J.: 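Starting off with a structure, shown below.
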Amino acid sequence: MIIKVDRDKCIGCGRCTEVCPDTFKLDETGKSTVIGANHECAMSAADQCPVEAIFVEE
Ligand code: SF4
C-alpha cells in the first residue's frame with residue numbers, strides 16, 4: 001500500500017489532517033506529510049483534498 005502527498009500541490013489547508021489525524025500531519029513548512037497508514041481514511045482524505053495532492057494505491 002502506498003500513501004503519498006504531492007507537496008508541490010499541497011496548499012496546507014489541513015483537511016486531510018482533520019479527516020485522518022493518524023495518517024497525515026502538517027509539518028513545519030505547513031504542508032501535509034504522511035505519518036501513518038490508515039488506507040481507508042486516506043482514500044477519504046484524497047477525495048476531499050481540494051487540490052488532489054493525495055495519492056493512495058493498494
Ligand atoms: S487536504 Fe490536500 S491541500 Fe489540504 S493539507 Fe491535505 S494534502 Fe494539503
Side-chain angles (χ1 to χ4, degrees):
M1 184 202 34
I2 300 167
I3 302 172
K4 281 190 203 164
V5 172
D6 183 336
R7 292 168 57 82
D8 290 333
K9 277 190 183 173
C10 175
I11 56 171
C13 73
R15 185 69 190 143
C16 58
T17 64
E18 285 169 23
V19 175
C20 309
D22 61 348
T23 300
F24 300 100
K25 139 175 145 47
L26 296 184
D27 69 9
E28 65 281 356
T29 69
K31 297 205 174 191
S32 178
T33 189
V34 178
I35 57 163
N38 186 335
H39 178 259
E40 203 169 307
C41 194
M43 295 277 278
S44 174
D47 282 344
Q48 296 180 54
C49 175
V51 293
E52 298 182 357
I54 300 171
F55 174 79
V56 183
E57 193 175 270
E58 284 283 3

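Please read these numbers as outputs of a predicted model, since none were measured by experiment. Both counts, for ligands and for their atoms, begin at 1 and track the order of listing.
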J.: Under 2.8 Å from atom 6 (Fe) of ligand 1, can any N, O or S atom of Cys16 be found?
T.: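 Yes, since at least one N, O or S atom of Cys16 sits under 2.8 Å from atom 6 (Fe) of ligand 1.
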
J.: Among all protein heavy atoms, pick out the one at the shortest distance from atom 4 (Fe) of ligand 1; state its residue, atom name and that distance to 0.1 Å.
T.: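 Checked against all protein heavy atoms, atom 4 (Fe) of ligand 1 sits closest to Cys13 SG, 2.3 Å.
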
J.: Under a 4.0 angstrom heavy-atom cut-off, which atoms of ligand 1 come close to Arg15?
T.: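 Going through ligand 1 atom by atom, the ones under 4.0 Å from Arg15 are 1 (S).
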
J.: In a single word, yes or no, tell whether Cys41 and Cys20 have an SG-SG distance below 2.5 angstrom.
T.: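 Taking the criterion (SG atoms under 2.5 Å apart), Cys20 and Cys41 satisfy it, so yes.
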
J.: Of the choices Cys10, Cys49, Cys20, which has the non-hydrogen atom that lies closest to atom 2 (Fe) of ligand 1?
T.: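 Comparing heavy atoms across Cys10, Cys49, Cys20, the nearest one to atom 2 (Fe) of ligand 1 lies in Cys49.
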
J.: Any heavy-atom pair between the side chains of Glu57 and Lys4 that's under 4.5 Å?
T.: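 Contact flag for Lys4/Glu57 side chains = no.
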
J.: Could you walk me through whether Ser44 and Glu40 pass side-chain hydrogen bond (donor to acceptor under 3.5 Å, both in side chains), step by step?
T.: CA-CA 7 Å; Ser44 174; Glu40 203 169 307; over 6 Å; no

J.: Does the side chain of Ser32 come under 3.5 Å of the side chain of Arg15 through a donor N or O and an acceptor N or O?
T.: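 No, no side-chain donor-acceptor contact under 3.5 Å.
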
J.: What part of Thr17 sits under 4.0 Å from ligand 1 if we count only heavy atoms: the side chain, the backbone, both or neither?
T.: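 The answer is neither.
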
J.: Any idea which protein heavy atom is nearest atom 3 (S) of ligand 1, and the distance to it?
T.: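 Going atom by atom, the protein heavy atom closest to atom 3 (S) of ligand 1 ends up being Ile11 N, 3.4 Å.
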
J.: Strictly distance-based, threshold 3.5 Å: is any side-chain N or O of Thr23 a donor or acceptor partner for the main-chain N or O of Ala42?
T.: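 Pair absent, no side-chain N/O of Thr23 close to backbone of Ala42.
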
J.: Who's the nearest protein heavy-atom neighbour of atom 5 (S) of ligand 1, and how far?
T.: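 Looking at atom 5 (S) of ligand 1, the protein heavy atom closest to it is Gly14 N, 3.3 Å.
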
J.: Would you mind listing which atoms of ligand 1 come within a distance below 4.0 Å of any non-hydrogen atom of Val51?
T.: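 Under 4.0 Å from Val51, ligand 1 has these atoms: 3 (S).
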
J.: Do NZ/NE/NH1/NH2 and the carboxylate oxygens of Lys31 and Asp8 come within less than 4.0 Å?
T.: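 Looking at Asp8 together with Lys31, the answer is no, because their closest N to O distance does not fall below 4.0 Å.
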
